[in-house]
Structure formats: structure tokens, C-alpha cells
Protein chains: 2
Amino acid sequence: MKIKLATWNINSVRLRLDQVLRFLEEEQPHILGLQEIKCQEEQFPFAPFREAGYEFIEVAGQKGYHGAATLSKLPMERLPTTFCPLGHARHVSTRVIAKGKDCDQDFEFHNFYIPAGGDVADPEINDKFQHKLDFLAAMNAYFSERFSKGDDQQVLVGDFNIAPHENDVWSHKQLLKVVSHTPLEVELLAKLQATHDFTDTARLLHDDTEKLYSWWSYRARDVMASNRGRRLDHIWVSPTLKSCVESQGKSGYKIHVPCRIWEKPSDHVPITQIMELRD
Amino acid sequence: MKIKLATWNINSVRLRLDQVLRFLEEEQPHILGLQEIKCQEEQFPFAPFREAGYEFIEVAGQKGYHGAATLSKLPMERLPTTFCPLGHARHVSTRVIAKGKDCDQDFEFHNFYIPAGGDVADPEINDKFQHKLDFLAAMNAYFSERFSKGDDQQVLVGDFNIAPHENDVWSHKQLLKVVSHTPLEVELLAKLQATHDFTDTARLLHDDTEKLYSWWSYRARDVMASNRGRRLDHIWVSPTLKSCVESQGKSGYKIHVPCRIWEKPSDHVPITQIMELRD
DNA sequence: GACTTATCCG
DNA sequence: CGGATAAGTC
């Protein structure tokens, strides 16, 4: 069966509930990871998502900031995690049960909101950057443990707050010292990826020379016109799932750019990836 | 010529600019007094009102609270006033020049935002109620001075924050101790009216037994369904203008109730009064 | 630039 | 309830 995966930093799920519902209606992903829901679990709008067909919902919320939630049409169960070094709500892990006529599998869906990291790309003088690096190290350790348990079928999605490739930013040179594209964080993300042999589905299916962005700042009038974006949002898969993504070709991966010009948009747009699971 | 007068407590003119423009487009009053514009003069949206045909604009603004503005299609000049005992921006006075083929007159247009008066109807323990009473006294003195100067053709509009008659509130009995309908403030308003022989156009044209409301609280879900309103907004005219209003009959006065159920409405609705000026 | 929480005010 | 301000975050 074909599974459609999605991720979106929504920058307040309460304020943009209608936009998420529109996206779900139009794209019908099986599973969506939301980041920056900016609410506590008790404030999360469960009912409208359930009415839209997303029966399975897992939320990690906190007051005012951060927070992640995973919505799914497919049954899933929560995988407990105590994760962020500072105790923020930045990770929702679930095991998704994908049963179809030619399919009886499950996979893990890890929904992450990696810390932005503040302004200065120096962990010595910027605690937030240090936190980002610590978080990446914690991710690495976390997946080492999961693999050691034999959990080898994994999807990682989320706002990683890192644009790793030269063509994941509008200007490699001008962003080399800007947090999100500095060598140190990019290397740490590359190390996490290499250690577990995760596949970045965007770059699996798109040539490295192609510019890909999923985020455009609020802080300029003409960011969309000048297209000064960054690819901060990612979908990664573990080795056993690589071929399931590769088989879909270029069109299996999609950045939903028009969402950035909807009324009162998030600064991020959703991305989707189709993955073919067979038994 | 027939002059259409209007007043509206807009509760933030910046937030409800589109609603004011819609009202002006639909009703085409010659002159509109706005209260609670909640902005400074430099933040006031002059341009869109001028584009809508309201070339003459006078604003008394302050930061965050209160504030009044008068918009007019007819030429008008500002009458300087230092008014509120606490220095709030609660009054815009202008002399309006009404020149038509059968008309060459002018009249004063006084746009007021009388203090709400706080919660407790006791000036001894509630400074805000004292301020309301002081403001009414200041209004009385102000008009005594104007009449002594021979300025006898006057229109007063605004949010008076007082519902004087029994049928200006949904329950006379239940509101007798609620600020806006207490005997003390009602008497002071009646005294202001009697001293200068002002005519309350709503009650000139509508029987005292008729319920009339221009305001419904935000603080209850069903205020419109249960119709628990109050008539806090008024249009008064001086003796020489009484017949100009009376000649228009009941339909000359209108409370624009549907505005209360527009999207994100003010808690007040606009009211309009037609007045026939002849030379 | 645009979210959150909070406090003030009506 | 729903404006405005102010501070904090991204």
C-alpha cells in the first residue's frame, strides 16, 4: 500500500486549524506531523481532526511554545520518550500499523521539532545553540538505542531547523554564518544521518543542484518574490524503507509552496512523501 | 438639504476599518462620529476614509484607549476644546458647513465619548464613576458657554455610556444599580439635556414604551438572542434643530442592529439620524 | 513579522 | 469577551 507522509511546522495549530483542515482535505496524507503547535495537550483541537478522518492523534504540548502532534488515519500507538535536554515538547514518536490487502507492516513515525538555536552560531556564548547541538547528540543516541532493539523501520519527519545542502538555502555564501546553515550544525546533522544510514527523501529524489525550500521568513515583504527560502523541514527514512521511497520517483516528494501565500500563513509550508509498503 | 448624521463606538478603528468603510458605503452618512478609536492621531487611517469620500477628518487620539474621530463629506473646521477632567481624548468638536441649493447654514457637531464609569456606582469609592459625573458637569458648563456665545445650532452625538429611559435597557429593575442606568448619572444627563433643551432624537421619534438598544455586551454568548441590550449611544440636537429632525418621522432615526452580528463586531452598533436643513 | 502569555481596561 | 500594551521567542 502507498503511504502518504506529511510534515508541517504550523506555528500555532489553534490559529491555523482551518489551514490544516484544508491541507488534509486536499492532500489526504495518511499521517501528518505538526510542529510548533504552541498549546498544551488540553487545548489541542482533537475533535475537528477526528471529524476530518484523523482518528489517531498523539500530542506533546506545552504552554505557549514549541509542541508537536501527529495525526493519523492509520492506527498508531505512542512510543514513550523523554527526550529534549531542556524538557521541551519537541518529539512525538508512534508506531504506525499499516495493514492493507497486500500489506501487513508497521513503521515508526518520529515527529521532531529541533531547536532553532538562537542568533549566534557559537555554543560557548549562546546557550540556545548549545541546546541545538545537544539535541542532535541526543537524537543520535536515541536512534542507536532503537536500532539496537531491532526497530529498524523508521520515518523521521519534522522541522529540523537545519538546511544542510548548498541548495537548501537561497545563498550558501551569505548563510554560512547564519544559524540553520553553519558548518557545525550541518556536520552534526550529517553525522546523525550517516550513523544510522537515514535517507533524506528530498535529496534522494531531487538532484543536489536543485534549489528546494520549505521555509521563508516573515520578516521581509518580498521573500516570496525574491525566493529567499531555506529547506528546514525534512522527511528521512531508515535503510529498509529507502527503496519504498525511491520507487515513487521525483513526484513522490512534494513541497506545498502555495500554502506560504494563503491568508495569514505559517512561515513553513507542508511537505509530503509517498512511500510504497509491501509485505 | 437633508443631512444624514451618524455615530458609532467602533472599539478600535484600525481593527474594524473594513466595517466602517462598509457602513459608509451602504449608508452614506454626511458625517460620522467615531468613538473608542483606540489609536493615536498618527496611526489613524486617514487615506481609506478620504478615498471613500470623507475628505474632512478630525481626530482626537491617544495611545491604546478612548479617542474620537469625526469624518465628513461636508466641509468642517475644528473647534478647539480642552475638555476631559483627566485629559483623555473624548471629544471632537467641529463646525460643519452645509451649503446646498436651498441651504446655506452651518451647525456644530460635537462627538463625545463619555467615561464608562467603572463598576461601582458610588463616586466616594470609585474614581471612575466620579470622573463620569465630573465629565457630565464639564459638558454642562461647556454648552452654557457655547450658548452664551450665540452658538445655538448644535448636534451632539456619541457614546454617552448612559441608558436614560426604562426602555433603554432590557430590564429597568435589574439595571438600576448597574453603572449606565443608575439614578444619579441618569439625573445628571437629564439635567444636561434640560438645561440646554437638547432633544434626544430617538425618543422624539419613538414612543417611550419602545425598547431601543445600541449596545450588547461581549461577555455572554446569547446576548443577541436574549436581546439584553442598552441604548448607550445618542444623537441630540439643540432647540433650533428639533423641527428639522421631527419632520423626518420615525424612519429618520435608525439603529443599525445587524452590524452587531457582522464578523468580529464592535459591541456597539451605529445609529443614524436624518435632519432636514433649510435656509 | 508574527506567534505566545500577561495585565489593564470596558 | 475582546480590545491595547508589553515582554519574550523564533
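Reminder, nothing fancy here: chain letters follow the sequence lines and each chain counts from 1. For the numbers below, each heavy atom of this structure counts, side chains included, while hydrogens, waters and symmetry mates do not.
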- [ ] Might you confirm whether atom CG of A:Asn227 has over 12 heavy atoms from other residues, nucleotides or ligands at distances under 6.0 Å?
- [x] yes
Task: Matching residue for B:Asp159 among B:Asn9, B:Thr7, B:Asn11, B:Asn111 - test: side-chain hydrogen bond (donor to acceptor under 3.5 Å, both in side chains) - done: B:Asn9
Open item on the list: When you compare the side chains of B:Ser214 and B:His268, does any donor N or O come within less than 3.5 Å of an acceptor on the partner?
Closed with: no
Task: side-chain N/O A:Ser12 vs C:dT4 OP1/OP2, d < 4.0 Å - done: yes
Open item on the list: Please confirm whether the shortest side-chain N or O distance from A:Lys264 to OP1 or OP2 of C:dC3 is below 4.0 Å.
Closed with: yes
- [ ] Kindly indicate whether the side chain of A:Tyr218 and the base of D:dC10 share any N or O donor-acceptor pair separated by less than 3.5 Å?
- [x] no
Open item on the list: Please report the distance, rounded to the nearest Å, between CE in A:Met224 and P in C:dA2.
Closed with: 14 Å
Open item on the list: So, does A:Lys128 get its side chain near the phosphate of D:dC10, meaning an N or O under 4.0 Å from OP1 or OP2?
Closed with: yes
- [ ] Check whether any side-chain nitrogen or oxygen of A:Lys63 sits under 4.0 Å from OP1 or OP2 of C:dA6, and answer yes or no.
- [x] yes
Open item on the list: Taking the minimum atom-to-atom distance to the side chain of B:Arg219, which one of C:dG10, D:dG3, C:dC3 wins?
Closed with: C:dG10
- [ ] Tell me whether the OP1 or OP2 atom of C:dC3 has a side-chain N or O from A:Arg14 closer than 4.0 Å.
- [x] no
- [ ] May I have the distance from B:Asn11 (atom CG) to D:dA4 (atom P), rounded to whole angstrom?
- [x] 7 Å
Open item on the list: I want to verify a distance call: between D:dA6, D:dT9, D:dG3, whose nearest atom is closest to the A:Tyr65 side chain?
Closed with: D:dT9
- [ ] Look at all strands and tell whether A:His66 reaches a base, only sugar-phosphate, or nothing, counting heavy atoms closer than 4.0 Å.
- [x] sugar-phosphate
Open item on the list: Checking ring pair (Phe, Tyr, Trp, His ring centres under 6.0 Å) between B:His91 and each of B:Phe112, B:Phe109, B:Phe135, which is the one that passes?
Closed with: B:Phe112
